[in-house]
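Letters A, B, ... are given to chains in the order of the sequence lines, protein chains preceding strands, and every chain is numbered from 1. Worth knowing before you read on, the calculation uses all heavy atoms, side chains too, and leaves out hydrogens, waters and symmetry mates.
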Protein chains: 2
Amino acid sequence: MSKTDSSPDEAYSALERLYDDPEERIATLQDIRPSEQDVTGQETVFKALGNEDRLRVLSALRESECCGCELQIVLDAPQSTVATHLRKLKEAGLVKSRKKGKWSYYRIADTAVFELLDLAHAIQEDV
Amino acid sequence: MSKTDSSPDEAYSALERLYDDPEERIATLQDIRPSEQDVTGQETVFKALGNEDRLRVLSALRESECCGCELQIVLDAPQSTVATHLRKLKEAGLVKSRKKGKWSYYRIADTAVFELLDLAHAIQEDV
DNA sequence: CATATGAATCGAGGAAATACGATACGATGA
DNA sequence: TCATCGTATCGTATTTCCTCGATTCATATG
């Protein structure tokens, strides 16, 4: 009989009860629209990092540059699986690669990647 | 008639052709086993960050503490959706909450979260 | 040019994450 | 205590992601 969960109107009336001048607060909240590009870029990076296999690859590349077949051993996974992970890491800007003969060598793109990994580790430590 | 893609043996023989002493390299690669806990913790954090809505929530919390109904307006999404996102962010240790009356107020848990967001932004900038 | 080899791409099936209505919970106040 | 309201959880339909065999591509070598 009442309004359903899905109506954002519920949120509006809630704010109207919460503030003396709700209009201003609502306008402020609605203005929090980080540029689509920014959010999408961050999302790409974090999605690429949010996978156990890919975190293991980065952990290996932290030690030294590796070619594809070496990472196959690190992950103990078939070639196509490893190649797919590497593509995602590259698209996110987390690793770079160079070709030498028939081999592709992968390395971490930037020290910022180390920082990301360390920060995530630190955050999860005290949860 | 030949070995298939899925056999990791392929990778082993590749390394045997690549190195004079492949055994040592293989042993080194296999030893790259970051502790299960470490990887899982990082994975949780990055998975939580790898979602557009949740990035927008963090962007809002960067400005000020918000209660649930305010974040409903930021995301323009139904209440249950917002609550689910907030739970994930909490479980990952990215936000904390306090209750005041019937309201739950959310805030960013640690400045490390700002650093994560900024680093991801910087990385994706030059891809 | 034919063959071998390391890597990249494609496509289908399965697994995991997400969205959201329905419902339950906990605090407030009449 | 009953109604209201902000929030949390549940169940499930949908979407997205992942895996991996098959195939293709590129380079090297006989």
Rounded to whole Å, how long is the line connecting atom [atom1] of [X] with atom [atom2] of [N]?
X       : N       : atom1 : atom2 : value
K102(B) : dT4(D)  : NZ    : P     : 11 Å
R56(A)  : dT19(D) : CZ    : P     : 12 Å
Q72(A)  : dT5(C)  : CD    : P     : 14 Å
E43(B)  : dC18(D) : CD    : P     : 10 Å
E91(A)  : dC18(D) : CD    : P     : 11 Å
L71(B)  : dA8(D)  : CG    : C1'   : 15 Å
D53(A)  : dA16(C) : CG    : C1'   : 14 Å
H85(B)  : dT18(C) : NE2   : P     : 7 Å

For the atom pair [atom1] ([X]) and [atom2] ([Y]), what is the distance rounded to the nearest 0.5 Å?
X      : Y      : atom1 : atom2 : value
L61(B) : R56(B) : CG    : CZ    : 14.0 Å
D76(B) : L71(B) : CG    : CG    : 13.0 Å
K88(B) : R54(B) : NZ    : CZ    : 5.0 Å

For [X], which contact category applies under a 4.0 Å heavy-atom criterion: base, sugar-phosphate, or nothing?
X       : value
K99(B)  : nothing
K88(A)  : sugar-phosphate
Y106(A) : sugar-phosphate
A83(A)  : base

Ignoring backbone atoms, establish whether S104(B) has a side-chain N or O less than 4.0 Å from OP1 or OP2 of dT7(D).
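It does not, given that no N or O in the side chain of S104(B) lies less than 4.0 Å from OP1 or OP2 of dT7(D).
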For dA8(D), does either OP1 or OP2 sit under 4.0 Å from a side-chain N or O belonging to R87(B)?
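Checking dA8(D) against R87(B), no side-chain N or O comes under 4.0 Å of OP1 or OP2.
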Residue mapping more 5' on DNA chain C - nearest nucleotide basis, G68(A) or K47(A)
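Upstream on the strand: G68(A).
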Do the non-hydrogen side-chain atoms of R25(B) and C66(A) ever get within less than 4.5 Å of each other?
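In contact.
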Taking the side chain of [X] as its heavy atoms from C-beta onward, which of [options] lies nearest to it?
X       : options                   : result
R17(A)  : dT27(D), dC20(D), dC5(D)  : dC5(D)
N51(A)  : dC18(D), dA7(C), dG21(C)  : dC18(D)
P78(B)  : dT19(D), dG21(C), dC18(D) : dG21(C)
W103(B) : dT5(C), dG6(D), dC18(D)   : dG6(D)
T84(A)  : dT19(D), dA7(C), dC5(D)   : dT19(D)

With a cut-off of 3.5 Å and sequence neighbours excluded, list every side-chain donor-acceptor pair involving residues 102-121 of chain B.
from    : atom 1 : to      : atom 2 : distance (Å)
D110(B) : OD1    : A112(B) : N      : 2.7
D118(B) : OD1    : R62(B)  : NH1    : 3.4
D118(B) : OD1    : R62(B)  : NH2    : 3.1
D118(B) : OD2    : R62(B)  : NH2    : 3.1
H121(B) : NE2    : D38(A)  : OD1    : 3.2

